[in-house]
Amino acid sequence: MDVDRNYNPKSIEPKWQTRWEQDGLYHADIDPSRPKHYALTMLPYPSGDLHIGHWYAMVPSDARARFMRMRGYNVLFPIGFDAFGLPAENAAIQRGIHPKEWTYANIARMRVQLKSMGAMFDWRREAISSDPKYYKWTQWFFVKLYEHDLAYQKEGMVDWCPTCNTTLAREQVWGEDRHCERCGTPVIRKNLKQWFFRITRYADELLDFSHIDWPERVIASQTNWIKRSEGAMVIFRTEAGEAMEVFTTRPDTLWGATFMVLAPEHPLVEKVTTAEQKALVEDYVYQALRQSDIQREAVDKEKTGVFTGGYAINPVNQARIPIWIADYVVMTYGTGAIMAVPAHDKRDFDFALKYGLPILPVIAHPDQLVKSRVLFESVEAGFEDGLRDHQIPFEKQTTAWNITIPYHKIDAYLHLAQTSVRSGHWVEIVGAQWVFVFPHHIMTWDSVESGEQIFARMCALKPEVRQWRTLMEMLWSEEFYRDALYHHAYGTMINSGELTGTPGEEAVKRVIAWLEEKGIGESKVSYRLRDWLISRQRYWGAPIPIVYCPNCGVVPVPLEDLPVLLPDDVEWLPTGESPLKLHPTWKYTQCPHCGAEAERETDTMDTFMCSSWYHLRYLSPDYDQGPFDQKEYDYWMPVDTYTGGVEHANMHLIYTRFFHKAGRDMGIMRGPEPMLQLRNQGIILGEDSEKMSKSRGNVVAPDELVDNYGADTVRAYLMFFARWDQGGPWNSSGIEGTARWIRRVWNLFTEEAQPGRPAEALLRQLRRKVHQTLKQVTHDFEHFEFNTIVSALMELLNTMYDAREQGACGTPAWHEALDIYLRMMAPLTPHIAEELWQRLGKPYSIHQQPWPIVDEAATQEELITLVVQVNGRVRDRVMVPANIDEQAAKQMALDSPAVQRNLAGKTPRSVIYVPGKLVNIVV
RNA sequence: GGGGCGGUGGCGGAACAGGCAGACGCAGGGGACUUAAAAUCCUCCGGUGGCAACACCUUGUGGGUUCGAUUCCCACCCGCCCCACCA
């Protein structure tokens, strides 16, 4: 019977898992004597099978949590299930299983799979969001939010998925064709009464990341999502005198407005449209709405629009400008109306061009001015000198000069270009919209000459200009647009009445002050973030605890009546209505206030609501006096380390921050943020480098891997095969290397070896390697660099095999190496570490041992390889004592035969010495 | 269009307060042990030239700074991801 001799994960893994569970080894309880560490990994949705991606997210999180525990922290590492949601209901419709049954069967199965991972989850704290004891408190939070005016009801257009039969949050609508995140069906828009949370009230605070250590990409993504724009609200008036509010980030360009654009659904459209234009406008509005109703084709995004026949008066200069409608203006941002400044905005420009609307005047010109690029081959002698003479800054590149021309030197430069640029080529001037230089012909475009006139002249000069569909297309191409208008757009104001001459840096501020003084506008901040729509017309979710009473109106269900239980007996009919609405009795109830016959809200809550506070439910999943036990909260919160997928950046990770801040303001939670440190893992792709999916047949099944290799090997491989934060394609042969490592560890620890009489140096070397590895592994654990932990351990193992070969067995250094090795392995591969620990005769459990301490002195090298370079090229390497002094090192280098050969008699000009590293001889 | 991430051998990846590029592993070649296989062990393994010592080239491209650049700076190319008529 060799079961004992050979590495057999199938016997040791279940054995230890059972033992740990029996002993409650991973129970985390309040212990004020130790520092706490709340390690949280995103809870899974119980889809039925634990995916390799779950392992990839959770295993390193577990290893990190275990590491923190060994470092003396009281570590809480809980798990649960985000159990409400659409797939359960879809399964019900497709297979006739009750969502509850489907969900709980999946949970039972995934629990077993999760346990096979050998993670240190404290299962006593498991929380399942679809349990009444959980969603009771989700509903409680809803009522609290309602009481604090953070939840409100609003009728409005919502995105609706016709397949899932439910409203979607904006974040759940994807792609240019606006399809449903889950099923891919293009969404339609519906007018419904819906519940919202006032997340926008927290927009500014959500933009403040100063209290948290989160990845740059998540911060960037959230910042972009919330998108704060500062600008002005300006009141234009229609000719009839009706106010028409416009939001702009560029009030300094007000004088350049040549037309106005309303969103097709804007309420003023009807009022400004003239009789002649009525038919046209109505047709366009109908088309636009139909488009969003049926399906927005991805196709080309050429702007379309129609003239309403109405005019507005620009309050800054009384200019009378036409009002158009166009679908490039959306009702949901700003005011749904814009002033169009074609000279300074690409979109307005495109639109003006297409419909022949005026483009000028330009009302700011760049202060920094012009960049020019001139090819070497195009110039005569003297050009470069000329640049120097005029003190025009330039940079000489491989094939061209890049020249930056200060505004006041433009004339000098134009003259220079005229005289020294060879004919047949042209000098491109980028960055100034009104200057073009052709060989020997320089033209300027100012507000007098029209684009058509310039185009005609240019065509005459240079026939190929004709091939551009329009001059404008060329003008606005690439650098022209990028440099000139948009980025350098803040320039000295021109053509702007009494504000002409205002410098670019102050333009916006001054114009706003001026507008406020005149009473025609005011400073205003806009956000892209919208309030969070939480109503779902579905069954499998937490019912919104609201009752509609004919007498009292909207009445929240009293806290003592919670939870509003989901009925079990529902039918799924493809009606598009919530099954709760169709239930014969459920919705009928009495008003909690007056006792009158009343009806319940039949919508349920977005599951992101449930997952916004699960980290709190973990603290006390059975607690019935509140959403969580205050004692637990005080000890454990906030979450110290949160791990999970970056795809939640704009949804869950914003919602949960909002939830926390709202809770804080309601006096329920405390502190600025719920999760202090966030780390994201990458995505594992299939072996074909494609996203894993059943239809592609490239899915890696963790159960199968565990069956073949054991959980420890799978764990180690997941940490080793790629950078954790990056992920990458799976490689099924790669796991062999990790399996080999585990077996070699096993063999080293279990084989009989003869103690020898090793040299002192060998043992010092062994200790050095052990402590160097420990130092690195400690560092890497702290920084979530798991792949190098495994490779460092592999390296150390190789060293230990060599040392054993040379008789290191039986010595104190050897025993120390074995001891430290297992402690370092324990977080990564908990089962084999425990097994070998026991076999060494050490006390149970290795997972209760402290993390070893680095012996700094032992890590110091005695001998180093001194690299000897001549002119920066490596010519020799010499072994020298680590403490060699500069003099000796340099001498050693100069004496090297290889150096002598390479010097070839030349005298060194200088000798550079980098202590402990190298000597570089410069000749 | 905006934002983010990345580009190093056949592959995954190491090394970046500037100092031996390619750790560790996979795949591959050669060998040992086996009747054989598995397992294990030894050995080679970026490219070109050379019997060899050795030389030259090589971290997406082109420049720059430096005694010295995968690492810092400038310009560009390519790939992936997220957001997007957001005024």
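As the structure is a computational prediction, the values presented were derived from the model and not from experiment. In the text below, chain A, chain B and the rest are named by the order of the sequence lines, each starting its count at 1.
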Participant: For B:A21, give the paired nucleotide (Watson-Crick: N1-N3 plus N6-O4 or O6-N4; G-U: N1-O2 and O6-N3; both under 3.5 Å), or none.
Facilitator: none

Participant: With a 3.5 angstrom cut-off on both distances, give the Watson-Crick or G-U wobble partner of B:G79, or none if there isn't one.
Facilitator: B:C5

Participant: May I ask which nucleotide in the shown strands pairs with B:C72, Watson-Crick or G-U wobble, both distances under 3.5 Å?
Facilitator: B:G64

Participant: Rounded to whole angstrom, note down the C1' distance from B:C77 over to B:A27.
Facilitator: 31 Å

Participant: Taking a pair as Watson-Crick or G-U wobble with both distances under 3.5 Å, which nucleotide is matched to B:A55?
Facilitator: B:U48

Participant: Looking only at atom types and distance, does a side-chain atom of A:D780 sit under 3.5 Å from a main-chain N or O of A:F786, one as donor and one as acceptor?
Facilitator: no

Participant: Please work out if A:F247 contacts a base, only the sugar-phosphate, or nothing of the nucleic acid, heavy-atom cut-off 4.0 Å.
Facilitator: base

Participant: Looking at the side chain of A:F721, which of B:G19, B:G12, B:C83 is the nearest nucleotide?
Facilitator: B:G12

Participant: When you measure from the side chain of A:N731, which nucleotide among B:G6, B:C82, B:C26 comes out closest?
Facilitator: B:C26

Participant: Which value, in whole Å, describes the distance between the P atoms of nucleotides B:A32 and B:C80?
Facilitator: 48 Å

Participant: Return no unless some side-chain N or O of A:N787 is found under 4.0 Å from OP1 or OP2 of B:A14.
Facilitator: yes

Participant: Do the side-chain N or O atoms of A:N6 get closer than 4.0 angstrom to the phosphate oxygens (OP1, OP2) of B:A39?
Facilitator: no

Participant: Using a heavy-atom cut-off of under 4.0 Å over every strand shown, decide if A:V329 touches base, sugar-phosphate, or nothing.
Facilitator: base

Participant: Could you tell me how far apart A:R723 (CZ) and B:G7 (P) are, to the nearest whole angstrom?
Facilitator: 8 Å

Participant: Hey, does the side chain of A:R901 come within less than 4.0 Å of B:A53's phosphate (OP1/OP2), counting only N and O?
Facilitator: no

Participant: Name the closest nucleotide to the A:R217 side chain, picking from B:C67, B:G4, B:G3.
Facilitator: B:G4

Participant: Does A:R528 make a cation-pi contact with A:W225 (under 6.0 Å, within 45 degrees of the axis)?
Facilitator: yes

Participant: Is B:G9 syn or is it anti, if syn means the base angle is within 90 degrees of 0?
Facilitator: syn

Participant: Looking at the side chain of A:A722, which of B:G12, B:G19, B:C83 is the nearest nucleotide?
Facilitator: B:G12

Participant: Donor-acceptor check, side chain of A:Y284 to backbone of A:A326, threshold 3.5 angstrom: yes or no?
Facilitator: no

Participant: Give A:Y527 one of three labels, base, sugar-phosphate or nothing, depending on what nucleic acid heavy atoms sit under 4.0 Å from its own.
Facilitator: nothing

Participant: Closer to the 5' end of RNA chain B via nearest nucleotide, is it A:V874 or A:V790?
Facilitator: A:V874

Participant: Can you check whether A:S229 has a side-chain N or O nearer than 4.0 Å to OP1 or OP2 of B:A87?
Facilitator: yes

Participant: With rounding to whole Å, what would you report as the distance between B:C78 and B:U43 at their C1' atoms?
Facilitator: 39 Å

Participant: As a test of reading the structure: which of B:C85, B:U40, B:C83 is closest to the side chain of A:Y328, going by heavy atoms?
Facilitator: B:C85

Participant: Are A:Y717 and A:W730 close enough that their ring centers fall under 6.0 Å?
Facilitator: yes

Participant: How many whole angstroms separate atom CD1 of A:I789 from atom P of B:G13?
Facilitator: 17 Å

Participant: Looking across every strand, which nucleic acid part, if any, lies under 4.0 Å from A:N798 by heavy atom: base, sugar-phosphate, or nothing?
Facilitator: sugar-phosphate

Participant: CG of A:D876 versus P of B:C20: gap in Å, rounded?
Facilitator: 15 Å

Participant: Expressed in whole Å, how much space separates the C1' atoms belonging to B:C73 and B:G18?
Facilitator: 13 Å

Participant: For the side chain of A:N224, counting heavy atoms from C-beta on, which of B:C24, B:G19, B:G2 is nearest?
Facilitator: B:G2

Participant: Figure out the CD1/P separation between A:I219 and B:C5, and round it to whole Å.
Facilitator: 11 Å

Participant: Select one nucleotide: of B:C83, B:A87, B:C20, the one nearest the side-chain heavy atoms of A:T249.
Facilitator: B:A87

Participant: Please tell me if A:R743 has a side-chain N or O lying less than 4.0 Å from either OP1 or OP2 of B:A39.
Facilitator: no

Participant: Rounded to whole Å, how long is the line connecting atom CZ of A:F720 with atom C1' of B:G12?
Facilitator: 8 Å

Participant: Is there side-chain contact between A:I684 and A:V700, with at least one heavy-atom pair below 4.5 Å?
Facilitator: no

Participant: Looking only at side-chain N and O atoms, does A:R873 come under 4.0 Å of OP1 or OP2 in B:C67?
Facilitator: no

Participant: Taking for each residue the nucleotide of RNA chain B bearing the nearest heavy atom, is the 5' side occupied by A:T788 or by A:G872?
Facilitator: A:T788

Participant: Hey, would you say the A:F351 and A:Y328 ring centroids sit under 6.0 Å apart?
Facilitator: yes

Participant: Salt-bridged, A:R228 to A:D204, with N to O below 4.0 Å?
Facilitator: yes

Participant: With sequence neighbours left out, what residues match A:T907 under side chain to side chain donor-acceptor pair (under 3.5 Å)?
Facilitator: none

Participant: Need the pair for B:C33. Rule: Watson-Crick or G-U wobble, both distances under 3.5 Å, any strand; none if unpaired.
Facilitator: none

Participant: As a test of reading the structure: which of B:C24, B:G3, B:G6 is closest to the side chain of A:Q726, going by heavy atoms?
Facilitator: B:G6

Participant: Counting only side-chain heavy atoms from C-beta out, which of B:A87, B:C85, B:G19 sits nearest to A:N920?
Facilitator: B:G19

Participant: Go ahead and name the base partner of B:G13; Watson-Crick or wobble counts if both distances stay under 3.5 Å, otherwise write none.
Facilitator: none

Participant: Would you compute the distance between atom CE of A:M825 and atom CG of A:L797 and round it to the nearest 0.5 angstrom?
Facilitator: 8.5 Å

Participant: Roughly how many Å is it from NE2 in A:H783 to P in B:A15, rounded to a whole number?
Facilitator: 12 Å

Participant: Let me confirm one number: the CD1-NZ distance from A:I864 to A:K917, rounded to the nearest 0.5 Å.
Facilitator: 9.5 Å

Participant: Which is true for A:R909 with a 4.0 Å heavy-atom rule: it touches a base, it touches only sugar-phosphate, or it touches nothing?
Facilitator: nothing

Participant: Which whole number of Å gives the distance between the P atom of B:U8 and that of B:U71?
Facilitator: 14 Å

Participant: If I take atom CD1 in residue A:I226 and atom C1' in nucleotide B:A84, what distance separates them, rounded to the nearest angstrom?
Facilitator: 17 Å

Participant: Across the strands shown, which category fits A:S733 at heavy-atom distances under 4.0 angstrom: base, sugar-phosphate, nothing?
Facilitator: sugar-phosphate

Participant: What's the gap between B:A75 and B:G25 when it is taken at their C1' atoms, as a whole Å value?
Facilitator: 38 Å

Participant: Considering every strand and a 4.0 Å limit on heavy-atom distances, what is the contact class for A:G305: base, sugar-phosphate, or nothing?
Facilitator: nothing

Participant: Confirm from the modelled atom types if A:Q869 and B:G19 form a donor-acceptor pair under 3.5 Å, side chain to base only.
Facilitator: yes

Participant: Distance between the C1' atoms of B:C45 and B:G62, in whole angstroms?
Facilitator: 32 Å

Participant: Taking atom P in both B:G4 and B:G10, compute the distance separating them and give it to the nearest angstrom.
Facilitator: 32 Å

Participant: Is there a side-chain contact between A:R875 and the phosphate of B:C20, meaning an N or O under 4.0 Å from OP1 or OP2?
Facilitator: no

Participant: Given atom CZ of A:R528 and atom P of B:A87, what is their separation to the nearest angstrom?
Facilitator: 10 Å

Participant: Check if the side chain of A:R877 and the base of B:C20 share a donor-acceptor pair of N or O atoms closer than 3.5 Å.
Facilitator: yes

